[in-house]
Amino acid sequence: NIEAGLAWMDRHIHEALGGSYYGLYGIERIGAASGRKYFETVDWYKDGADFIIKNQDKDGSWGNDVPDTCFAMLFLARGRAPIVMNKLQYSSLEKNGRIVDGPWNERPRDCANFAHWMGQNIEQHGLNWQIVNLKVSPEEIHDSQILYMSGNKDFTFSREEIVKLRTFVEE
C-alpha cells in the first residue's frame, strides 16, 4: 500500500503542488517520511517552496486564515533538515533485456535508522536522509557527499547513468 501511494504521488505531484497549503504540508510529510527528494523528477521541496514564497501576502501571511500560514511555515521549516546521506533508487536490467525496479530498497529503513542514530550520537537531532534517482542531473544529488547504493545483485547502469555517477564522484 505504501508503494502504491508513492507511485500515485509520482503520477500526480504536479496537481498536488498547486493545491492548498494543507496539501503542501501533506506532501512535506510524505516526502520527509519516505525519504524521497523527488516524486518522479520533481523536487517537491524546491517547487513547493517556490509556490509558497511567490504567494506570500504583503503582511507576511499566506492564504485566507491563520491555518494556511501555519501550514506554509511548517512546510518551509520542516521540509529540509540537514541531509546525512542520499540513497540511490535505481532500475536493473534482467538477462532477458527487461528493465525492472532494482533491489535498492531491500532494507527500507536502513538510512532512516542510521540518520536517527547519528543524530543522537552527535547531538544534532533532526538529521535526515533522502532517496535520489539518476533521472535528474548529477548536480541535483549533491545535497549530501554520501551516495549510498545498496542491493544484492550486480549494478547494471546505462551508459548515461554511469556518466552521471562518474560526474557526481568527480565533483
#### Entry: Any L24 side-chain heavy atom under 4.5 Å of W44 side chain
no

## Note on the structure
dist I52:CD1 -> M73:CE (nearest 0.5 Å) comes out at 10.5 Å

### Query
Between T167 and P138, is there a donor-acceptor pair closer than 3.5 Å when you use the side chain of the first and the backbone of the second?
no

### Query
Near Q145 CD, under 6.0 Å, is it more than 12 heavy atoms from other residues, nucleotides or ligands?
no

#### Entry: Stepwise side-chain contact (heavy atoms from CB on, under 4.5 Å) test for W129 and N86
CA-CA 6 Å; W129 61 283; N86 291 326; over 6 Å; no

### Message
Can you tell me how far apart OH (Y25) and OG (S20) are? Round to the nearest 0.5 Å.
### Response
13.0 Å

### Query
For I122, does the CD1 atom have more than 12 heavy-atom neighbours from other residues, nucleotides or ligands under 6.0 Å away?
yes

### Query
Counting heavy atoms not belonging to D154, are there more than 12 under 6.0 Å from its CG?
no

### Query
Are the side chain of T69 and the backbone of W62 linked by a donor-acceptor contact shorter than 3.5 Å?
yes

### Query
Roughly how far, to the nearest 0.5 Å, is CD of E140 from NZ of K135?
13.5 Å

### Message
Assess, by modelled atom type and distance only, whether the side chains of Y38 and Q89 contain a donor and an acceptor separated by less than 3.5 Å.
### Response
no

### Query
Can you tell if the side chain of I13 reaches within under 4.5 Å of the side chain of D47, non-hydrogen atoms only?
no

### Query
Can you tell if the side chain of L88 reaches within under 4.5 Å of the side chain of L165, non-hydrogen atoms only?
yes

### Task
Answer yes or no: are there more than 12 heavy-atom neighbours, outside H142 itself, under 6.0 Å from its atom NE2?
yes

### Message
Please report the interatomic distance CD1(I27) to CZ(F39), rounded to the nearest 0.5 Å.
### Response
7.5 Å

### Query
Under a 4.5 Å cut-off applied to non-hydrogen side-chain atoms, are M85 and L147 in contact?
no

### Residues D50, K46: salt bridge by 4.0 Å N-O rule
no

### Message
Regarding K87 and N105, do their side chains bring together a donor and an acceptor under 3.5 Å, going by distance alone?
### Response
yes

### Message
Between S34 and I131, is there a side-chain heavy-atom distance shorter than 4.5 Å?
### Response
no

### Close side-chain approach of Y90 to E161, heavy-atom, < 4.5 Å
no

### Task
Check the side chains of S158 and E160 for a donor-acceptor pair under 3.5 angstrom, ignoring hydrogens and angles.
no

### Task
Inspect the surroundings of CG in N152 and state if more than 12 heavy atoms from other residues, nucleotides or ligands are less than 6.0 Å away.
yes

### Message
We want to know whether N55 and Y21 form a side-chain donor-acceptor pair, criterion being a heavy-atom distance below 3.5 angstrom.
### Response
no

### I30 vs L6 side-chain heavy atoms within contact, under 4.5 Å
yes

### Query
Any side-chain heavy atom of L76 within less than 4.5 Å of one from E28?
no

### Query
Do the two ring centres, one from Y148 and one from F114, sit under 6.0 Å apart?
no

### Query
Is there a donor-acceptor pair under 3.5 Å between the side chain of D57 and the backbone N or O of G60?
no

### N64 CG: over 12 foreign heavy atoms closer than 6.0 Å
no

### Task
Would you please classify the geometry between the F71 ring and the Y22 ring as parallel, tilted or perpendicular, with 30° and 60° separating the classes?
perpendicular

### Query
Does K37 use its side chain to pair, donor to acceptor, with the backbone of V42 at less than 3.5 Å?
no

